[in-house]
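One structure is given below, encoded as structure tokens.
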Amino acid sequence: MHAAEEMVLQIAEAEALQLQLRGHVQADVAGPDQVTTVAGFDVAYDTESDVVAGAVVILAAPTWEVVGSATTVGRAAFPYVPGLLSFRELPPLLDAWDEVLPKLSTPPDLVLCDGHGIAHPRRFGLACHLGITLNLPTIGVAKTPFVGTHTSPGQRRGERTEILLDGEPVGAALRTRDGVREVYLSVGHRSNLDSACRWVLELCPKYRLPETTRAADRLSRAALAAHR
DNA sequence: GCGACAG
DNA sequence: ATCTTGTCGC
């Protein structure tokens, strides 16, 4: 069998797994009401190879200073397929997680990652997959919309509109700074939309993107650069 | 059938 | 994701 045919099968298997795993997602339960530490995840890609760097950062409330981190460098084992991002990014992210976890006295109270949670064609985006794998409250924060419809929220920080998919709210377009374009967030696991919006705003005291995203992005890029 | 499509 | 210069605005 040719490589292209193998890929078609892998994609079908991945989609089937999503349908199975999505049954474990808790997207309408109380989120954390206190957050002492929060984890942020990101992956950086090399332009001309399949080398990838995964990073996890641990930030402490209320200043969100970095109190822990880990990076790993490896090779991408799955291509980018819209709707199957977690199969590409989860391996490097979990590698980084395994590195940082032994160094923590307590697991983080909340996890953020790039990309969507239940705002996904099968309601099982990267944030969901990461959340049920770690069994932690998770929020997906994306820079661009993926599925569903939404109107533009008001121009003030904190204003938001719902992302609707098949008539159901699956996420929010949230303005994290006055006059700056919104971010698109959705619950990954063990949270709800109100709580997710609250914590994302807390994590955006100064910039459009959450401090977790910014720190993890910097770190994953640095790890990639150091490797080359 | 055609186009769009998180990172 | 990543490749890239200048440029507008506070």
Side-chain angles (χ1 to χ4, degrees), chain A residues 7-8 11 14-15 17-18 21-22 25 27 40-57 71-96 111-131 133 138-150 155 157 163-166 170-174 176-189 193 196 200 206-210 212-228:
Chain A
M7 196 62 245
V8 170
I11 287 174
E15 290 176 346
L17 184 58
Q18 289 183 321
L21 294 179
R22 72 176 179 184
V25 170
F41 286 87
D42 197 16
V43 178
Y45 298 87
D46 186 33
T47 308
E48 63 227 18
S49 76
D50 56 356
V51 174
V52 300
V56 56
V57 294
T71 60
T72 60
V73 175
R75 295 186 174 279
F78 203 91
Y80 171 66
V81 179
L84 298 178
L85 179 63
S86 67
F87 293 86
R88 179 170 173 79
E89 298 209 336
L90 217 47
L93 296 183
L94 294 179
D95 284 348
V111 171
L112 267 72
C113 64
D114 286 11
H116 294 89
I118 62 171
H120 176 277
R122 288 168 296 280
R123 316 272 179 119
F124 195 74
L126 171 62
C128 300
H129 207 154
L130 184 61
T133 301
T138 308
I139 303 168
V141 181
K143 304 170 197 69
T144 59
F146 185 28
V147 295
T149 60
H150 65 89
Q155 291 301 307
R157 168 184 159 86
I163 297 171
L164 295 175
L165 183 61
D166 298 325
V170 294
L174 175 69
T176 57
R177 290 191 66 190
D178 288 0
V180 166
R181 77 184 173 103
E182 64 262 33
V183 300
Y184 307 89
L185 66 94
S186 55
V187 170
H189 188 44
L193 193 51
V200 168
K206 197 165 166 54
Y207 299 98
R208 175 192 177 225
L209 298 176
T212 40
T213 300
R214 293 165 43 78
D217 181 77
R218 279 194 302 264
L219 196 60
S220 61
R221 288 191 202 219
L224 194 62
H227 178 79
R228 307 185 80 241

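Chain naming here is simple, since letters A, B, ... match the order of the sequence lines and numbering starts at 1 in each.
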Checklist entry - Over how many whole Å does the gap from A:Arg221 atom CZ to C:dT4 atom P extend? => result 13 Å
Checklist entry - Is A:Pro145 touching bases, backbone alone, or none of the nucleic acid, heavy atoms closer than 4.0 Å? => result sugar-phosphate
Next on the checklist: How many whole angstroms separate atom CZ of A:Phe146 from atom P of C:dA1?
Outcome noted: 14 Å
Item to check | Residue pair A:Phe41 / A:Asp114, side-chain heavy-atom distance below 4.5 Å | outcome: no
Checklist entry - Contact class for A:Gly83 vs. all strands (heavy atom < 4.0 Å): base, sugar-phosphate, or nothing? => result base
Item to check | Sugar-phosphate, base or nothing in reach of A:Tyr80, heavy atoms under 4.0 Å | outcome: base
Checklist entry - At under 4.0 Å between heavy atoms, what does A:Leu185 touch on the DNA or RNA strands: base, sugar-phosphate, or nothing? => result nothing
Item to check | Test item: A:His227 and A:Val51 side chains (from C-beta on) under 4.5 Å apart, heavy atoms | outcome: yes
Item to check | For A:Val147, the option from A:Leu165, A:Ile163, A:Asp166 that meets side chain to side chain contact (heavy atoms under 4.5 Å, CB included) | outcome: A:Leu165
Checklist entry - A:Leu126 versus A:Leu90: any side-chain heavy-atom pair under 4.5 Å? => result yes
Checklist entry - What is the 5' to 3' range of DNA chain B, first to last nucleotide, that sits under 4.0 Å from any heavy atom of chain A? => result B:dC5 to B:dG7
Next on the checklist: At 4.0 Å (heavy atoms only), tell me whether A:Ala44 reaches a base, stays on the sugar-phosphate, or touches nothing.
Outcome noted: sugar-phosphate
Item to check | Parallel, tilted or perpendicular, as decided by the 30° and 60° cut-offs, for the rings of A:Phe146 and A:His120 | outcome: perpendicular
Item to check | Separation of C:dA1 P from A:Asp217 CG (nearest whole Å) | outcome: 7 Å
Next on the checklist: To check you understand the geometry: which heavy-atom pair defines the closest contact between A:Arg122 and A:Gln18, and what is its length?
Outcome noted: NE-OE1, 2.6 Å
